[in-house]
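Below is one structure, written out as structure tokens; the observations come after it.
Order of the sequence lines sets the chain letters (A, B, ...), proteins ahead of strands, with each chain counted from 1.
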Number of protein chains: 2
Amino acid sequence: MARRGETIELAVLGLLHEGPMHGYELRKRLNLMLGWGRVLSYGSLYPTLKKMLRAGLIEESAPTRTPVSRRPRITYQVTPAGTLEFERLMSEVGPTAWEDDNFDIRFAFFSSTDMEIRLRVLEGRRTRLQERLERVQGQLSMTQKEVDRYAAELQRHGVESVEREVKWLSDLINAERGVAHPGPHERTTGEQHDDLPEDQHEDQHVPPAASPEVPATTARLAGPAAGES
Amino acid sequence: MARRGETIELAVLGLLHEGPMHGYELRKRLNLMLGWGRVLSYGSLYPTLKKMLRAGLIEESAPTRTPVSRRPRITYQVTPAGTLEFERLMSEVGPTAWEDDNFDIRFAFFSSTDMEIRLRVLEGRRTRLQERLERVQGQLSMTQKEVDRYAAELQRHGVESVEREVKWLSDLINAERGVAHPGPHERTTGEQHDDLPEDQHEDQHVPPAASPEVPATTARLAGPAAGES
DNA sequence: GGCTGCATGTAAGTCGTTACATGATTTA
DNA sequence: TAAATCATGTAACGACTTACATGCAGCC
């Protein structure tokens, strides 16, 4: 149960919550969303859509009357059952949630869960990465002798990347907790001050600007936990 | 031809060039080598070994007389044909060489090729990553409106990671070219000066120390292109 | 009148993992 | 003597990808 492959399902459900979409568009959005490496193929997406249709998680919506009648395309939307399933998947806090392949898509839809879940997933992933680091560094110190220059450089770069990822997660965790920064200033919550008078037309998503001492990620995602539906 | 799956084959051939090994050990070394995410399973390794044995790329070596007779374990070593195949694979400069899954293992054995190949692979990979960046950033600027905070942060982090990777590759390319640094000093090749009188017992691998202005990667891998067999 | 982009699908194949099965050897 | 680690394998399955097949629509 729930090994992988629910990844696509989750992604589809999440994307369809932003409005009805057809397969082709879904694929484009998906590739953009987690396009780092993998590019989802039609041979993978369409069967999944069929499966989800049969399972009653999604349904065909009225044949979207775009101005001119384009080629008949099948537009899908989520059913109540689909919404339920989405929420169930997003509430998972076990290892599946922070596995390499699952984490990204989960994170992308983080706005749909509450802070508690988010924290657990973020911390779970961080712990996982730290375990990896320790394991590799442990073995590294043992065999450190006869390593090739390039192999060593690859190793070093790998460690550095994971360390950076851990840092990123830590910043996110702090941001979730509302910890602006651990500095002396004691800024508990983000009150927006009106320098940087950027456009504030409809900013559901744009977090309030923060002072420059605050770590970048915190500055971007902090604020009074807005974003819940 | 040569899609993937030659990845394991290449890795095995490369590792066995450091001396005979049995499956179990091979797996450990492999997991350590490219253990960032994937952990190679036995169900994958052993059949590959059998296949390579049948293909004549490797052969069982004399049952390694370790002091006490352990459980009978099959130790493999490369055949001349295997060496040839290894060299052929390492000489590939096409896309297969810089694909996500292949690049790492290729890089780990870079010492076995000459600079020309290394440069082509490094540049190929860099170009590939830059294409990805451009594509994503292009699409990003188009749809930049209605993006969720978390989705946006994921995007940002992804871009940053890839940019960092590109930087890493650029440093490596410069190091290959013998470019110490683009500064005013005009240090063409690395002559080692005798401050830092560390142990120099058998340093096939340890590059000479360089001045602190030199980018880290360059400092680590530069030097008079030693390492070829 | 052909090419490119939109749009949907299917069949076959690849690559690898999980889970299972087995057994020796060292260590607590 | 039980557990962990070493060591080798196989069968079944999973999750994709590739390659193929089809067809409309707009542009040059």
Side-chain angles (χ1 to χ4, degrees), chain A residues 1-12 20-31 34-35 37-54 58 60-61 63-64 66-76 95-96 99-102 105 135 138-139 142, chain B residues 1-12 20-31 34-35 37-54 58 60 63-64 66-76 95-96 99-102 105 135 139 142:
Chain A
M1 23 4 199
R3 252 275 135 301
R4 228 217 279 65
E6 304 211 329
T7 307
I8 299 183
E9 217 170 286
L10 176 60
V12 167
M21 246 177 268
H22 53 275
Y24 194 88
E25 198 180 344
L26 230 24
R27 193 190 92 122
K28 275 201 304 184
R29 300 273 269 111
L30 236 49
N31 286 342
L34 32 102
R38 301 292 113 221
V39 199
L40 186 66
S41 66
Y42 297 121
S44 195
L45 174 61
Y46 284 120
T48 301
L49 286 174
K50 283 278 175 74
K51 210 188 76 190
M52 292 172 70
L53 195 64
R54 278 199 306 275
I58 57 175
E60 294 183 29
S61 71
T64 335
T66 340
V68 278
S69 65
R70 290 188 124 289
R71 186 224 214 278
R73 49 187 200 177
I74 307 167
T75 309
Y76 296 101
T96 41
E99 281 307 318
D100 281 332
D101 302 287
N102 282 330
I105 194 66
R135 192 164 46 77
Q139 294 188 270
M142 280 179 15
Chain B
M1 11 28 183
R3 253 274 134 304
R4 225 215 284 63
E6 304 211 327
T7 308
I8 299 182
E9 218 170 286
L10 177 59
V12 168
M21 245 177 268
H22 53 277
Y24 194 87
E25 198 180 346
L26 231 23
R27 193 190 92 122
K28 275 201 306 185
R29 299 273 270 112
L30 236 49
N31 287 341
L34 33 101
R38 301 292 113 221
V39 200
L40 186 65
S41 65
Y42 297 120
S44 195
L45 175 61
Y46 284 120
T48 302
L49 286 174
K50 283 278 175 74
K51 211 189 75 189
M52 292 173 71
L53 195 65
R54 280 198 306 275
I58 58 176
E60 295 185 28
T64 335
T66 340
V68 278
S69 67
R70 290 186 123 287
R71 184 224 215 277
R73 48 187 199 178
I74 307 166
T75 309
Y76 296 101
T96 41
E99 281 306 320
D100 281 333
D101 301 288
N102 283 331
I105 194 66
R135 191 163 48 77
Q139 294 187 270
M142 280 177 17

May I ask you to verify if any side-chain N or O of A/S44 is less than 4.0 angstrom from the OP1 or OP2 atom of D/dC16? no

Under 4.0 Å: is that the gap between some side-chain N or O of A/Y42 and OP1 or OP2 of C/dT8? no

Distance check needed: C/dA7 C1' versus A/L49 CG, whole Å only. 13 Å

From CD of A/E6 across to P of D/dC16 the rounded distance in Å is 11 Å

Nearest-Å distance for atom pair OH/C1', residues B/Y46 and C/dT18: 16 Å

Rounded to whole angstrom units, what separation is found between the CE atom of B/M21 and the C1' atom of D/dT8? 17 Å

If you check every side-chain atom of A/I8, which of C/dT17, D/dC16, D/dT5 has the closest atom? D/dC16

B/K50, nearest nucleotide to its side chain (from D/dT10, D/dC16, C/dT10): D/dT10

A/Y76 OH to C/dA7 C1', in whole Å, measures 11 Å

Checking the side chain of A/S61 only, and the main-chain atoms of A/T75 only, is there a donor and an acceptor separated by less than 3.5 Å? yes

Without hydrogens or angle criteria, can the side chains of B/D101 and B/T7 be said to hold a donor-acceptor pair below 3.5 Å? no

Among the nucleotides D/dT5, C/dG9, C/dT8, whichever has the atom closest to the side chain of A/Y24 is C/dT8

I want to verify a distance call: between C/dT17, C/dA7, D/dT17, whose nearest atom is closest to the A/L40 side chain? D/dT17

Tell me whether the guanidinium CZ or amine NZ of A/R73 lies under 6.0 angstrom from the six-membered ring centre of A/Y24 and within 45° of its axis. no

Could you state the atom-to-atom distance from CD of A/E9 to C1' of D/dA15 in whole Å? 13 Å

How long is the line joining CZ of A/R27 and P of C/dG9, in whole Å? 15 Å

Toward the 5' end of DNA chain D, by each residue's nearest nucleotide, B/K28 or B/G43: B/K28

According to side-chain contact (heavy atoms from CB on, under 4.5 Å), who are the partners of A/S44, at least two apart in sequence or on a separate chain? A/I8, A/L40, A/S41

List for me each residue that meets side-chain contact (heavy atoms from CB on, under 4.5 Å) alongside A/P95, sequence neighbours excluded, and say none if there are none. A/W98, A/E99

Among the nucleotides D/dT18, D/dG9, C/dA7, which one has an atom lying closest to any side-chain atom of A/H22? C/dA7

Measure the distance from CD1 on A/I74 to C1' on C/dC6 and round it to the nearest whole Å. 14 Å

Could you tell me whether B/G23 contacts a base, only the sugar-phosphate backbone, or nothing, with contacts defined as non-hydrogen atoms closer than 4.0 Å? sugar-phosphate

